[in-house]
Amino acid sequence: MKPSPALRRRGPAERWLEALPLGNGRLGAMVWGDPARARFSLNESTLWSGGPGTDAPHRTPRREAQQALDRARTLFENGAVPEAQEQIERLGASWSQAYLPVGDLVVGVPEASMPGGGTPAERVLDLAAAEHRVLTAQGDHLSVVSAADEVLIHAAPCPVGADLVLEFDSPLVEERRDAADGSLTVLLRAPSDVPAGQFRREEEIAWDPEAASRAAVVIRTRRDDDRVLVVCAIATTWQGLGRAPDRDVQDMLDEATAQAEAALARGEVELLRRHREHPRAGADEVALELGESAPSQLLATSFAYGRYLLASASRPGLPPANLQGLWNARLEAPWSSNFTVNINLEMNHWAAGIAHVPQAAEALEQYVAMLRTAGRETARRLYGADGWTVHHNSDPWGYTEPVRGEPSWSTWPMGGLWLEQLLDTLAACSGREPQEIAAERFPALREAVAFGLCLLHESADGHLATFPSTSPENLWRTAEGTAVSLSEGTGMDRWLLRETARHLVDAAALLGEEHDPVVQRAASSLDLVPGPRIGADGRVLEWHRDGLEEVEPHHRHVSHLGFLYPGAAPSSPSEESAAAASLEARGDEATGWSLVWKACLWARLRRADRVQALFELYLRPAEAEDGTARSGLYPNLFSAHPPFQIDGNLGIVAAMAECLVQSHRGEIELLPAVPELMADGSVRGLRARPGIAVDMTWSEGTLTQLTLRALGPGALGTHRVRCGDWSSLVELVDLEPVEVSIGSSPGRVRR
């Protein structure tokens, strides 16, 4: 049996991007791994600035919003796009809140010596066990973040009589500190408002004690012969998604104290046993092995690492994985380490279905449910629309407004439709009965589509087009040479509205809801809202008309190609050719998450050679020898935008899965785009539509072994399986695995 996937490093981390991450979905720690001075950079997923309504004083009133939209529409139709865009900017007036660090804990044992006369110790992060060890001659230094006991656990050799030093430092306001021999309790206050980086020239961080979260950090220690046990519990005044963080401070302190002291009483052996008996949900159900070359092994580790990070950063009932997952070192993190809804939140969860990270999927579902509630008021006030909306940024308090700023990134109201499209994709891999899924998804789809329909206007060519409309973060140039972003019916808008409308219509047919007025409007819009449009140059049109000059031809976003991936509808040959031409024009070099999206798209086009080139860029060091910052991997394998964003780490799992299994064309296609790095390998547990676990082995890109298993009653029946020129019909009559004979003539395969 091969050893479990692990990250191995020699010597302690010298900076945060060399430390290794632990997490239990709520508590997070970056472990630096110095035997004499163990350092942990701590996070807690519910510790954010502000709270619900922090932005309320800045919100645009209904009358002002309606006037701005009316003026913008008239100006746009008359060709005055810059002036129209100025009106649209009036919709955004504030910003979402920021995800915060807790602080740094240091456990010092000055008498601890390095092994081998100063040879740096090896530190190992075991991804399967979620355990970090520093291996020394004196014994292992073990660190875990336990979901069973809700504490960070650190156990290490400690010479009898040695002094133990506890240090804790935080960028937050320290309201109280109680220190005693071997124990420490700290009460912290978060800022009440942290404006995003682009607003910091004119806005200050606010520290209002009446409108801020608190956090309690409780550290306890004990010695058992020549080992020391340190436990750290963290609690906050969090009350739930979308709710004010106003929990009683004493209750919070009491909870953290009880958790720390109960864990301490159990001791190292019992804590480790409980940790191992409480594994991450789904952790053992999916595994990938690749060939023996170093790049292939690194890619396989990236797959395991991405699943590990997503599971470690997510838990139902809490905020889902944010822009940095769970791990953030800075009070003012890049882009507030919040939820960027125009790609990053979605990419974080693309693999949650196909690579089975169930708690992450559930956390996302609950988060979207909260956004629906908050987004209804925003839809009515800003657009006079039914349904709900969320724009470019969000936070766990339910921020759904456009942020203040340039509409290319601020005024993009289609976030609700993209999130519903993503939830549809996750449900499609579940194995549940289609009618059950339809009944669950119908109300949410109805609301999202109702909002999209309210944005439709008749365009000059007689089609229906959304307005206002942008293609996230991209710009085009007017005939006068002005860079603008405002459009109508961009390629991304059309894809999202058409796909969610189709899903709504299909769900209505299963439920007998065809006469619902929103369903009827959605059905009629499918004929009037164009699908992917192809320009004279053979590329997919991103904007409202052909021939517009691109400000940045190699822009990182490829939003107009979303119909190909993550879209679930099969594409025509002409659409695929146009998508390929668009990707060629964009080029490969890009941010980390953009490399991943392009890899997914090329995989859908069955272009293993292009996937190979993108994977090579993804795996390169993010810090070039000449000091240039670029996409790639940092020393701890975190993905670089740059700077660090976790969407690349999580999205690469989906990209690799797409190379191995595709099921959106009505059949299960195996090995559709296997790059050289993945030429030999095996995988267990990937999910295909409508909920089929795929186990297979391949050599030199050729399938050698295959087993399928239905995950639920909705996946029973006969399914066509294809790999290259070979295909077969496979009948799944129950939930038991079916071994498929490879290379047999097409026919029905039975157990």
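Positions are given from 1, in the same order as the sequence printed here. Note that this is a predicted model, so its numbers are computed, not measured.
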Have W350 and T425 got a donor and an acceptor in their side chains that come within less than 3.5 Å? no
State whether the side chain of E623 and the backbone N or O of P635 hold a donor-acceptor pair below 3.5 Å, judged by distance alone. no
Side chains of R586 and H554: closer than 4.5 Å at any heavy-atom pair? no
What's the separation between atom CD1 in I153 and atom OG in S146, rounded to the nearest 0.5 Å? 4.5 Å
Out of the candidates R620, R610, K598, only one should pair with D588 under the salt bridge (charged side-chain N to carboxylate O under 4.0 Å, His left out) rule; please name it. R610
For residues F615 and W602, establish whether the separation of their ring centroids is below 6.0 Å. no
Looking only at non-hydrogen atoms, find the nearest pair between A688 and V661 and report the distance. CB-CG1, 3.9 Å
May I ask you to test the L331-L172 pair for a side-chain heavy-atom distance under 4.5 Å? yes
For H557 and W593, I'd like to know if the aromatic rings sit close, meaning centre-to-centre distance below 6.0 Å. yes
Closer than 3.5 angstrom, by distance alone: can the side chain of Y618 be matched with the main-chain N or O of S631 as a donor-acceptor pair? no
Test side-chain contact (heavy atoms from CB on, under 4.5 Å) on W48 and N338; report intermediate values, then the result. CA-CA 9 Å; W48 291 68; N338 61 16; 3.9 Å; yes
Would you tell me whether E552 and N474 have side-chain atoms, one donor and one acceptor, within less than 3.5 Å of each other? no
Walk me through it: do R26 and E150 pass the test side-chain contact (heavy atoms from CB on, under 4.5 Å)? CA-CA 8 Å; R26 182 180 69 87; E150 292 291 2; 3.1 Å; yes
Are side-chain N/O atoms of S410 and H392 paired as donor and acceptor at under 3.5 Å? no
With a 3.5 Å distance limit and no angle check, can you tell me whether S485 reaches the backbone of S408 through a side-chain donor-acceptor pair? yes
Could you tell me which residues satisfy side-chain contact (heavy atoms from CB on, under 4.5 Å) with A129, sequence neighbours excluded, listed by chain and number? D126, E131
Determine whether the aromatic ring centres of residues W238 and W397 are separated by less than 6.0 angstrom. yes
With no hydrogens and no angle check, do the side chains of S49 and Q97 hold a donor and an acceptor under 3.5 Å apart? yes
Could R39 and E18 be called an ion pair, given the rule that one side-chain N must be under 4.0 Å from one carboxylate O? no
Does this structure show an ion pair linking R607 with E576, if we count only N-O contacts that are shorter than 4.0 Å? no
Could you walk me through whether Y367 and L345 pass the side-chain contact (heavy atoms from CB on, under 4.5 Å) test, one step at a time? CA-CA 11 Å; Y367 182 68; L345 177 58; 4.0 Å; yes
Side-chain donor-acceptor pair present, S663, R689, cut-off under 3.5 Å: yes
Could you list the donor-acceptor pairs under 3.5 angstrom formed between side-chain atoms of residues 319-329 and any protein atom two or more places apart in sequence or on another chain?
from : atom 1 : to   : atom 2 : distance (Å)
N322 : OD1    : Q324 : N      : 2.8
N322 : OD1    : G325 : N      : 3.1
N322 : OD1    : S337 : OG     : 3.2
N322 : ND2    : G325 : O      : 3.3
Q324 : NE2    : W327 : O      : 3.0
W327 : NE1    : L22  : O      : 2.9
N328 : OD1    : R330 : N      : 3.0
N328 : ND2    : Y99  : O      : 2.9
N328 : ND2    : R330 : O      : 3.0

